[in-house]
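A short worksheet on the structure shown next.
Any value given below was found using the heavy atoms of this structure, including those in side chains, with hydrogens, waters and symmetry copies removed. Since this is a predicted model, take the numbers as computed values, not measurements. Convention: sequence-line order gives letters A, B, ...; per-chain numbering from 1.
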Amino acid sequence: MADADVLVALLYQLADDELVIGHRDSEWLGLAPHIEEDIAFGSIAQDEVGHAIIFLRMLEELGEGNADDLAFLRPAADRRNAVLVERPNGAGTYLENPQFDWGYTIARRLVYDLFDGVRLEVLTRSSHQPLAQVAAKIRREERYHLLHHVTWFKRLAQGSDESRRRLEEGIAKVWTDVGGLFTLGAVATSPIFPATTQDLLDGWMGELKPIFAAEGIAWPSAPLMRPPLGLDGRRGQHTPELGALLEAMGEVCRAVPGASW
Amino acid sequence: MTDAERLSRFMERIERGDKIEATDWMPDEYRVTLVRFMQMHALSEIMGALPEKDWVPKAPTLARKLSLMAKVQDEMGHGQLIMRIAEDLAAPLGKTREDLVTELFTGQAKFHNVFHMPAPTWADVGMIGWLVDGAAVVSQAALLDSSYGPYARVLQRVCAEEGFHIQHGESVCLALAEGMPEQRQMLQDGLNRWWESLLLFFGPAETTSASATVLMKYRFRTKTNEELRQKFFTKYVPRIWSLGLTLPDPDFRWNEEQQLWQYSQPDWSKLKAIVKNQGPLSQYRIGLRQTSYEQTQWVREALLSKPAAIA
């Protein structure tokens with residue numbers, strides 16, 4: 001595969017992961033466990049959407065189309081985010097009866113942030129200089145996200161019997177999708193992305209295992225990359241929930257085609 | 001010193017324009033009224049975030065999504081700042097943050113009438129940011145000189161940030177005004193929907209409520225509802241007209257003789273319904289907040305519990 005194709009495929013994975021998790025985070029606005037967390041989580045959601053914008057603009061510069069159109073109008077089958085990030089925050093929606101699950105949210109954020117950190121480190125070594133520079137900048141912000149979510153993880157693990165139980169349930173639920181973060185779809189290991197799926201996994205496990213161990217949380221026995229993997233978001237396979245998310249995301253901009261907002 | 005002497009010294013400070021601080025002696029009437037007022041302000045910021053946060057997932061461009069998220073976050077931030085100073089003042093009354101927050105669910109605490117209204121289109125996001133926040137700044141700027149020091153200081157930041165919100169809202173409205181015919185119509189419909197709410201916002205001209213009298217007595221508040229409403233008209237009506245919008249009030253005009261804006265009275269019975277949490281979306285918004293609060297009770301309990309290793 002030509003380098004240009006690898007770069008484009010990679011940018012879609014990066015943009016879509018960040019946009020979709022940022023969207024899920026933003027659904028917590030006004031509904032987070034306490035006021036201070038609402039503000040902190042709102043910052044994180046803004047950062048994630050901000051990163052998505054950076055990657056979408058890079059795609060725009062590569063001739064893939066307008067960044068807003070790429071964000072709002074691409075059908076689900078063209079999305080390359082991992083399935084993990086598109087899962088709803090819990091039962092209900094942000095508009096009706098939000099039975100959102102903070103245990104799942106924290107478990108997902110922690111495994112995703114660690115994955116994202118490992119991936120960004122790889123990107124700082126990319127032969128594509130603009131991407132390497134952007135990755136270095138984003139890593140500085142992601143450090144704080146990780147710190148925030150590790151703190152929550154410890155707090156829920158140590159807090160009460162119920163918080164520990166809910167965290168463990170969240171981890172079990174996350175585990176069914178987590179392998180999907182590491183598949184590379186159309187991204188070939190190359191100077192643009194100098195890592196394999198196994199490299200990403202090893203880096204991620206190297207960081208997550210000590211965090212689990214410190215809290216006495218058992219490492220789940222379920223295999224991470226069990227075949228068949230289930231839905232592979234990197235190949236455009238998604239849940240109906242992503243369809244619903246995209247429908248909401250595009251509702252206003254589709255209402256008056258061709259309009260400026 | 002007797003309480004009567006303390007009170008007379010306190011009133012002298014108020015008359016002089018001194019700022020009262022959290023640890024100063026104050027009459028119970030001052031404390032209780034202020035806690036109520038600030039609790040309602042904090043809850044209004046938090047409840048006021050809901051109609052806008054509902055539109056974050058649907059914001060039509062990446063830039064709008066980012067700015068709306070930042071705005072909602074600011075509103076929650078104002079809620080947090082004001083709740084903190086309300087907590088300090090409420091502590092001697094034996095009240096905690098949890099009390100101040102959950103009184104919303106029981107109806108003991110209210111939130112601002114304007115946030116009981118529906119926001120069914122993207123134009124409502126513009127209307128809230130531009131005109132509702134515009135009205136809020138008019139009424140909050142009048143409190144910058146409040147006798148309670150912590151509140152006056154927090155308001156400086158709140159008003160400065162609201163200035164950005166107004167620009168954000170005006171920019172959303174401007175894009176619609178300059179857009180396609182459907183967008184212009186959406187904007188006009190939004191104004192038609194919000195106009196009455198903007199009049200109700202400031203409350204009735206003649207207000208005789210006990211708390212309003214107390215707030216004036218202690219120089220917590222110095223302007224009347226009608227003075228603030230007129231100020232809002234002066235600042236925003238010319239701008240509304242300049243966008244080519246029509247006010248949904250054929251009798252609205254400047255009365256040269258009285259040097260006042262003349263307007264048709266809104267339906268004040270709507271305000272009475274809202275006070276009883278019977279506004280259009282009162283129950284929906286309280287329900288959303290209560291559901292999420294109850295859903296995350298276990299998280300707050302986990303935060304307050306001591307880790308086993310330390311206990």
**Fill in**
Residue from B/Leu288, B/Val72, B/Val56 scoring the most non-hydrogen pairs under 4.5 Å with chain A is B/Leu288

**Sub-4.5 Å side-chain heavy-atom contact between B/Gln295 and A/Trp102** = no

**Request:** Using a cut-off of under 4.5 Å on heavy-atom pairs, state which of B/Pro60, B/Ser171, B/Ala49, B/Ala302 scores highest against chain A.
**Result:** B/Pro60

**Request:** Using modelled atom types only, decide if a donor and an acceptor are shared between the side chain of B/Arg289 and the backbone of A/Gly30 within a distance under 3.5 Å.
**Result:** yes

**Asked** For the atom pair CD1 (A/Ile44) and CE (B/Met69), what is the distance rounded to the nearest 0.5 Å?
**Response** 12.0 Å

**Asked** Quick one: do the A/Gln99 and B/Thr291 side chains pair a donor with an acceptor below 3.5 Å?
**Response** no

**Request:** For B/Phe105, look at atom CZ and say whether over 12 heavy atoms of other residues, nucleotides or ligands are found less than 6.0 Å away.
**Result:** yes

**Message:** For A/Lys154, I'd like to know if atom NZ has over 12 heavy atoms of other residues, nucleotides or ligands within 6.0 Å.
**Reply:** no

**Item:** Flag, side chain of B/Gln80 to backbone of A/Ile35, donor-acceptor distance under 3.5 Å
**Value:** no

**Prompt:** Which of the residues B/Val299, B/Ile46, B/Asp74 is involved in the greatest number of heavy-atom pairs with chain A at under 4.5 angstrom?
**Reply:** B/Val299

**Prompt:** Just wondering, do B/Trp298 and A/Ser160 contact through their side chains at under 4.5 Å, heavy atoms?
**Reply:** no

**Message:** For A/Ser260, is there any backbone N or O sitting under 3.5 Å from a side-chain donor or acceptor partner on B/Gln183?
**Reply:** yes

**Request:** Please examine the side chains of B/Val172 and A/Trp261, heavy atoms only from C-beta on, and report whether any two atoms are closer than 4.5 Å.
**Result:** no

**Complete:** CH2 (B/Trp55) and CD (A/Glu251) are apart, to the nearest 0.5 Å, by 5.5 Å

**Prompt:** Side chain, backbone, both or neither: which part of A/Ile106 has a non-hydrogen atom closer than 4.5 Å to chain B?
**Reply:** neither

**Request:** Tell me, out of B/Leu62, B/Asp54, B/Thr296, B/Leu50, who's got the most heavy-atom pairs with chain A below 4.5 Å.
**Result:** B/Leu62

**Asked** Is it the side chain or the backbone of A/Leu245 that comes within 4.5 Å of chain B heavy atoms, both, or neither?
**Response** neither

**Asked** Just by modelled atom types, is the A/His23 backbone N or O under 3.5 Å from a matching donor or acceptor in the B/Lys65 side chain?
**Response** no

**Message:** Taking every non-hydrogen pair under 4.5 Å, which of A/Leu31, A/Asn97, A/Leu19 racks up the most with chain B?
**Reply:** A/Leu31

**Asked** Do other residues, nucleotides or ligands put more than 12 heavy atoms under 6.0 Å from the OH atom of B/Tyr284?
**Response** yes

**Asked** Non-hydrogen atoms of chain A under 4.5 Å away: do they reach the side chain of B/Met47, the backbone, both or neither?
**Response** neither

**Asked** CD1/A/Ile39 to CE/B/Met76 distance, rounded to the nearest 0.5 angstrom?
**Response** 6.5 Å

**Asked** Among A/Ala40, A/Pro98, A/Gly258, which has the most heavy-atom pairs under 4.5 Å with chain B?
**Response** A/Pro98

**Reported NE2-to-CZ distance for the pair A/His34 and B/Arg97, which is rounded to 0.5 angstrom** = 8.0 Å

**Item:** A/Ala259, part contacting chain B, at a heavy-atom distance under 4.5 Å
**Value:** both

**Nearest non-hydrogen partners of B/Gln73 and A/Gly42, listed with the distance** = NE2-C, 3.9 Å

**Message:** Please classify the contact of A/Arg254 with chain B as side chain, backbone, both or neither, using a heavy-atom distance under 4.5 Å.
**Reply:** neither

**Prompt:** Between atom CG of A/Asp47 and atom CG of B/Leu66, what is the distance when rounded to the nearest 0.5 Å?
**Reply:** 9.5 Å

**Request:** Please tell me if the side chains of B/Ser292 and A/Phe100 come closer than 4.5 Å, counting only heavy atoms from C-beta onward.
**Result:** no

**Prompt:** Should the heavy atoms of other residues, nucleotides or ligands under 6.0 Å from CZ of B/Arg157 be counted, would the total exceed 12?
**Reply:** no

**Request:** Counting only heavy atoms closer than 4.5 Å, note whether A/Phe72 contacts chain B via side chain, backbone, both or neither.
**Result:** side chain

**Interatomic distance, A/Glu37 atom CD to B/Arg300 atom CZ [nearest 0.5 angstrom]** = 12.0 Å

**Prompt:** In this structure, are over 12 heavy atoms from other groups packed under 6.0 Å from A/Arg74 atom CZ?
**Reply:** yes

**Prompt:** Is it the side chain or the backbone of A/Leu156 that comes within 4.5 Å of chain B heavy atoms, both, or neither?
**Reply:** side chain

